[in-house]
Each structure stands twice: as C-alpha cells, then as structure tokens.
Number of protein chains: 2
Amino acid sequence: MSRWGMVKKTRSSQRREEALSRDRIIEASIALLDHSGESGLTFRTLSERLATGPGALYWHIVNKSDLTTAACDAIVARTLEAPQVGATPKAAIRTLALGMFDAIDAHPWVGSALTRAPGQAPMVRILEGIGQQVRALGVPGDAQWAAASALLNYILGVSGQNAANAQFARAHDLDRSNFLESVSTAWSQLDPDEYPFTRSVAGQLRAHDDRADFLAGIDLILSGIGSPLAQ
Amino acid sequence: MSRWGMVKKTRSSQRREEALSRDRIIEASIALLDHSGESGLTFRTLSERLATGPGALYWHIVNKSDLTTAACDAIVARTLEAPQVGATPKAAIRTLALGMFDAIDAHPWVGSALTRAPGQAPMVRILEGIGQQVRALGVPGDAQWAAASALLNYILGVSGQNAANAQFARAHDLDRSNFLESVSTAWSQLDPDEYPFTRSVAGQLRAHDDRADFLAGIDLILSGIGSPLAQ
DNA sequence: ACAATTATGGAATAACGTTCCATAGCCGTC
DNA sequence: GACGGCTATGGAACGTTATTCCATAATTGT
C-alpha cells in the first residue's frame, strides 16, 4: 500500500521528492511572470519558489535569456498546437494571428520575449504556421517569404507594443483603461499645427478595440497579398 | 581679441567651461550607444565620458528610461525632419518608412528604445508622419486609424527585429552575414515534417535584402489600404 | 561497498541604477 | 561688495541583479 512499494523499478524517476528539472523551472518562471510581470522573474524569487539556491538553476538553464525564451516558447507552442484543418488559408491565418494576440494579452511578457529571440524557436513556430498557410494561399514561391515575413513582422510589432503597454501600466500602477486615458489626454494636448493627425485620433484611442484593430491590420496585409501587384 | 571680451553679457551662458546640460548628456548617450551598443550605455561610463559623477546626471534626467527615450527621439526627429513636399502620399510613406529603416540600421538601439516607449514622443512623431499621408491618400476618417496603426506596427515590428538581430550578433561577436549564416544553417536542420516552410526559406535568408523585404511589406499594406474592401 | 558522476544550494563577485549629501558656483538683494 | 539662497555638481554609499564558484550531498555504475 505504501507509495514505496516498487522502489526498485521507479527509483530512477524519483531521485528526490521534488527534483529540479528544466520543465519545472520553466513552469515556475511562467507562473512568476504571469503573476508579477517581467520584473518579477529573478533568480532569487525563482529559487525561493523552487526551494533551492540560484546556483542550482544553472545546472538546467544556461542563462536568463535562455530561460525567458524557453518560457515564451512553451506558451507559443501551446497556442499554436491546434491543427487548423478544414479552414481556408486566410481564415487559418486569422485564427493563428488572433491566437497569438490573445496569448500575449494573457501573458504580456511573451511579447517582449518574442522580440528578443530573433530566429529562435518561438519565432520559428509562428513563421512556420504562417508560411504553410501562405503556400496554401497559392502565393508563388519567390513571393512567399515576403508575404510571410510581412505578416510575422506585423504580429511582432503589435506584440511588442502590447507588452510595452502592459509593462508601462504595471510600472505606474495603472490598469489598461487608465493607461489609454493618460495617453489619450497627452495626445490631445499636442500642438495642433505640428500634430493634427495624432490629435484627431486621440479620442478614438480611449474606446478603441485593440483586438479588432489588430485583425484589421492582418486583413490589410492579406488583402495586399491577394492583389495581383503590390503597388 | 580674447574670448572673454564680453564677459558681462555672456557670463550666464558659461557658468562653466563645459557645463552639463540635457542636450550634452543626450548627445554623449547617442555616441556611446552607437559605439558600444545597448549595453554600452551605463551611468558610470556616461559620467566618465562627461567628466562628472553619476549623481550630477540626475539633475538633468529623470532616469535611464527617460534618457534612452530622449536619445531615440533625437534620432527620430532628425530622420523625419525632411519636409516631403511634392511627393505622392504613397511615395511619401515609402520614403518615411525607408528613412526609419535606415536610421535603425545605423543605430540599432533606436529599434528597441522605440518599442519600449509606447505612446511617447518618438512614436508619436512617426504616427503623425504616417497619419498625415494616410489622410492625403483619401482614406475615410473612420479607417484612418486602422491604416496608420497597421503601418506603424509593421515598422515597429521590423525595427524591433533589426535591433534584436544586431544585439544578438554583437553579443556573440558576429557580423551581420555570420549571424544570418548561423540562423540559416539552424533553420535548414529543422525537422522536415514539422518545419517544411521554414526549411524551404532557410536558403533565401542568407542572401536576402532586408531593406527590399521591408519595403515589400510596406507595399503590401499600402496595396491593402488602396483596395476597396479588405477581406 | 566504493569511486565517479550528477546535481544541489549557499556564499561571493562584479556591475548596475539610483539615492544621498557635502559642497561649489552663481544670482539677486542689502 | 559682502552675503544668503538657489542651482548644480560629483563622489560615496545602497540595494538589487545575473552569474560564478565550490564544498558537499545524492545517485549511479562497477
């Protein structure tokens, strides 16, 4: 009846009741980042939560950049794992993009981690998902890279902005609407001669729907991809 | 003949041979960032170069974030100051975007500073420049924000990637072509079943023209803006 | 049972942004 | 023309960070 009933066979998998492992460290990092933001992840707090010392973590992780990239990759992998069969290529791209948007909305730190890991695992996952649908769209081979990287760069841009907004808001103890409010009033006080456009959109900012605007941008690019000649 | 000939009148502007000022600090920061990258700007090195102590800088600057945003804004302002008269709106947007691309190519740290200053001066300058041309393009009022922010987010995405690439390359002592080489070979070794698209574009990566790809993305969005209905 | 390897955790290090404070330079006023 | 109150300076000190080091514990192979 004891949990030690089969010690011999299973011992190798329980060298310790709560052994450290790369996955456990990454999961703890995600929890910390979600709870306290980008500045909440330090080797001190992480090692405290895992009941160990900072040095022990380095046996499983090469450095902090490696850790945040791995945490980001875990979120991205979960977000993109849905198979997307049966949808039109455009719909699949929209779904993929919105999935990333929602993931970054839920985990803003993913946005900044993404932009700091050029050419690495998480970015490659997104590129691959987009690229496959760009192919399915019938874009000729020599234009596929341009189309896919335009979509990717747009997604990365929005991701980075969302992450920066969230971090700024957290640092100044504002929620999202307070933050937009403060930007909106700042914009509406700009010099009318130098900043006519920005002033004119300051009002919209307060009530606008980030998610809808994001999708509108995706549709703009998709529409451009569909055009016979970009010009 | 002496430079002290008019002491009375000019004394107030030379309280010291090389008085500290916000502008002098920002110029020194730009020089430091250009020479040594993002990690090269510290209050220690900056105060050494200005022959003062770290504390003195805080009389003119609120914190490091303020400093990098101000340095970024100085570059962006110089980049966008050309008047752009007589060009078609599309051409003006292309020129503006390419100007930003070249500025970030010359000063990669501007890319990451931009993405970390949401809704602040440097970003507003770019938004305004784009927005004015979007208006001139005849985009209806309620679609202007979507069009301008799509272009802005795309530019910010590329900027962030260029900055990240440059920082990664510098950190690993690679030049640009070595960096692309390493990404390209990494991509070509991915699992063919899971990453068919990324593998197929790995080769193009080595020789591709960042600047041309960037412009192709701008044209894709412009083409979408020009379409009667994005869908 | 004993060496060798793997893994741990706490202390030490160097560097960072920021704060503090004694003091120097400058200005307007008697 | 000396003096008191701002403006500005610069160096030391603080608290925190990522990372390294190392003694030692836990596990594995022989």
Side-chain angles (χ1 to χ4, degrees), chain A residues 4 6-26 28-29 32-33 36-71 109 112-113 116-117 167 171-172, chain B residues 4 6-26 28-29 32-33 36-71 109 112-113 116 167-168 171-172:
Chain A
W4 302 103
M6 295 175 66
V7 173
K8 290 271 171 56
K9 283 218 147 152
T10 59
R11 192 173 55 189
S12 72
S13 67
Q14 49 184 214
R15 24 179 314 128
R16 175 164 296 215
E17 190 60 20
E18 296 260 296
L20 230 44
S21 73
R22 188 163 222 265
D23 282 346
R24 239 166 65 77
I25 294 173
I26 290 169
S29 302
L32 227 34
L33 287 163
S36 321
E38 290 182 59
S39 64
L41 179 64
T42 70
F43 280 83
R44 283 228 223 297
T45 58
L46 183 58
S47 62
E48 275 168 26
R49 180 176 273 237
L50 290 167
T52 182
L57 302 175
Y58 279 85
W59 189 261
H60 303 275
I61 274 160
V62 354
N63 55 30
K64 190 172 182 179
S65 156
D66 172 45
L67 178 59
T68 53
T69 302
W109 53 270
S112 35
R116 267 182 241 129
Q167 193 173 25
H172 294 71
Chain B
W4 302 103
M6 296 174 67
V7 172
K8 288 271 169 56
K9 282 219 151 153
T10 58
R11 193 174 53 190
S12 71
S13 68
Q14 48 183 217
R15 25 177 314 130
R16 173 163 298 218
E17 190 59 22
E18 297 259 297
L20 231 44
S21 73
R22 188 164 223 267
D23 281 346
R24 239 167 64 77
I25 294 174
I26 290 169
S29 301
L32 226 35
L33 286 163
S36 321
E38 290 182 58
S39 64
L41 178 63
T42 71
F43 280 83
R44 293 231 198 321
T45 57
L46 183 57
S47 61
E48 273 168 28
R49 179 176 275 235
L50 290 166
T52 181
L57 302 176
Y58 278 84
W59 190 260
H60 304 274
I61 273 161
V62 355
N63 54 32
K64 191 173 182 180
S65 156
D66 173 45
L67 178 59
T68 52
T69 302
W109 52 271
S112 35
R116 268 181 237 133
Q167 194 173 24
F168 184 92
H172 295 71

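Chain letters run A, B, ... following the sequence lines, proteins first, then strands; residues in each count from 1.
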Visitor: For the pair made of CG in B:Leu67 and P in C:dT18, what is the distance, rounded to whole Å?
Guide: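 The distance from CG of B:Leu67 to P of C:dT18 comes to 10 Å, rounded to the nearest Å.
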Visitor: Rounded at 0.5 Å granularity, tell me how far CZ in A:Phe43 sits from OG in A:Ser29.
Guide: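 So the CZ of A:Phe43 and the OG of A:Ser29 are separated by 8.0 Å.
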Visitor: C:dT19 P sits how many Å from B:Lys64 NZ, rounded?
Guide: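 So the two atoms are 15 Å apart, to the nearest Å.
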Visitor: Heavy-atom nearest nucleotide on DNA chain D for A:Phe43 versus A:Ala56: which residue maps closer to 5'?
Guide: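 Counting from the 5' end, the first nearest nucleotide belongs to A:Phe43.
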Visitor: Rounding to a whole Å, what distance do you find between B:Leu41:CG and C:dC16:P?
Guide: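 Answer to the nearest Å: 10 Å.
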Visitor: Does a side-chain N or O from A:His60 land closer than 4.0 Å to OP1 or OP2 of C:dT6, or not?
Guide: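 No, because none of the side-chain N or O atoms of A:His60 sits under 4.0 Å from OP1 or OP2 of C:dT6.
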Visitor: From C-beta outward on B:Pro54, which listed nucleotide comes closest to its side chain: C:dG17, D:dA12, D:dA18?
Guide: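 In terms of side-chain proximity for B:Pro54, the closest of C:dG17, D:dA12, D:dA18 is D:dA12.
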Visitor: Any idea which of D:dG10, D:dA18, C:dG17 is nearest the B:Leu20 side chain?
Guide: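 From the listed options, D:dG10 comes nearest.
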Visitor: Between D:dT19 atom P and A:Asn63 atom CG, what is the distance in whole Å?
Guide: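 Rounded to the whole Å, the gap is 5 Å.
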Visitor: Looking at CG of A:Leu32 and OG1 of A:Thr45, how far apart are the two atoms once the value is rounded to the nearest 0.5 Å?
Guide: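 Going from CG on A:Leu32 over to OG1 on A:Thr45, the span is 4.5 Å.
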Visitor: For A:Tyr58 and D:dC21, give me the distance from atom OH to atom C1', rounded to whole Å.
Guide: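 It is 13 Å, rounded to the nearest whole Å.
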Visitor: Checking contacts here: which listed nucleotide (C:dG17, D:dG10, D:dT20) is nearest the side-chain heavy atoms of B:Thr52?
Guide: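 Nearest listed nucleotide: D:dG10.
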Visitor: Against B:Leu46, only a single residue in B:Ile61, B:Leu57, B:Thr52 fulfils side-chain contact (heavy atoms from CB on, under 4.5 Å); can you say which?
Guide: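 Single pass found, and it is B:Leu57.
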Visitor: Can you tell me the distance, in whole Å, between the CZ atom of A:Arg24 and the P atom of C:dA7?
Guide: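 So the two atoms are 14 Å apart, to the nearest Å.
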Visitor: Of A:Gly55 and A:Thr45, whose closest DNA chain D nucleotide lies nearer the 5' terminus?
Guide: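 Upstream on the strand: A:Thr45.
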Visitor: Between D:dT19 atom C1' and A:Ile61 atom CD1, what is the distance in whole Å?
Guide: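 My rounded result for the distance is 13 Å.
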Visitor: Any non-hydrogen side-chain atom of B:Asp66 less than 4.5 Å from a side-chain atom of B:Arg22?
Guide: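 The answer is yes; the side chains approach within 4.5 Å.
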Visitor: In plain terms, say whether A:Glu38 and B:Arg116 are close enough for a salt bridge, that is, a side-chain N and a carboxylate O under 4.0 Å apart.
Guide: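 No salt bridge links A:Glu38 with B:Arg116.
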Visitor: Should A:Trp59 be listed as having a side-chain N or O under 4.0 Å from OP1 or OP2 of C:dT8?
Guide: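 So the side chain of A:Trp59 is outside the cut-off, no N or O lying under 4.0 Å from OP1 or OP2 of C:dT8.
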Visitor: Whole Å only: how far is the CG atom of A:Leu57 from the P atom of D:dT19?
Guide: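 Rounded to the whole Å, the gap is 11 Å.
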